[in-house]
Amino acid sequence: MNQKTYEQAELATGDAVCVRCGAVAEGAAPTWTCTIVDGARHHLCDTCTRACLRTIESHLDPVAAR
């Protein structure tokens, strides 16, 4: 399989690429989620964000959520 990695895709086009499904956001994507995992930025499209919502919520700091 000859696919670009997330970092290569972001550098080549400047567009965000969903790390789960590979969808590409052209320009600003206000409904997408951006997370930092081990110092690397990861984007999730709105569909994948909804599918992963419970996992995302489980990683939130409970003190910051108050």
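Predicted model only: the values in this text are computed from it and were never measured.
- In this structure, His42 and Val19 approach most closely via the heavy-atom pair ND1-CG1, 3.4 Å.
- Side-chain contact check for Cys18 versus His43: every heavy-atom pair is 4.5 Å or farther apart.
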For residues 44-51, please give each side-chain donor-acceptor pair under 3.5 Å, one per line with the distance, not counting sequence neighbours.
residue : atom : partner : partner atom : Å
Thr49   : OG1  : Thr33   : OG1          : 2.9
Thr49   : OG1  : Leu44   : O            : 3.3
Thr49   : OG1  : Cys45   : O            : 2.8

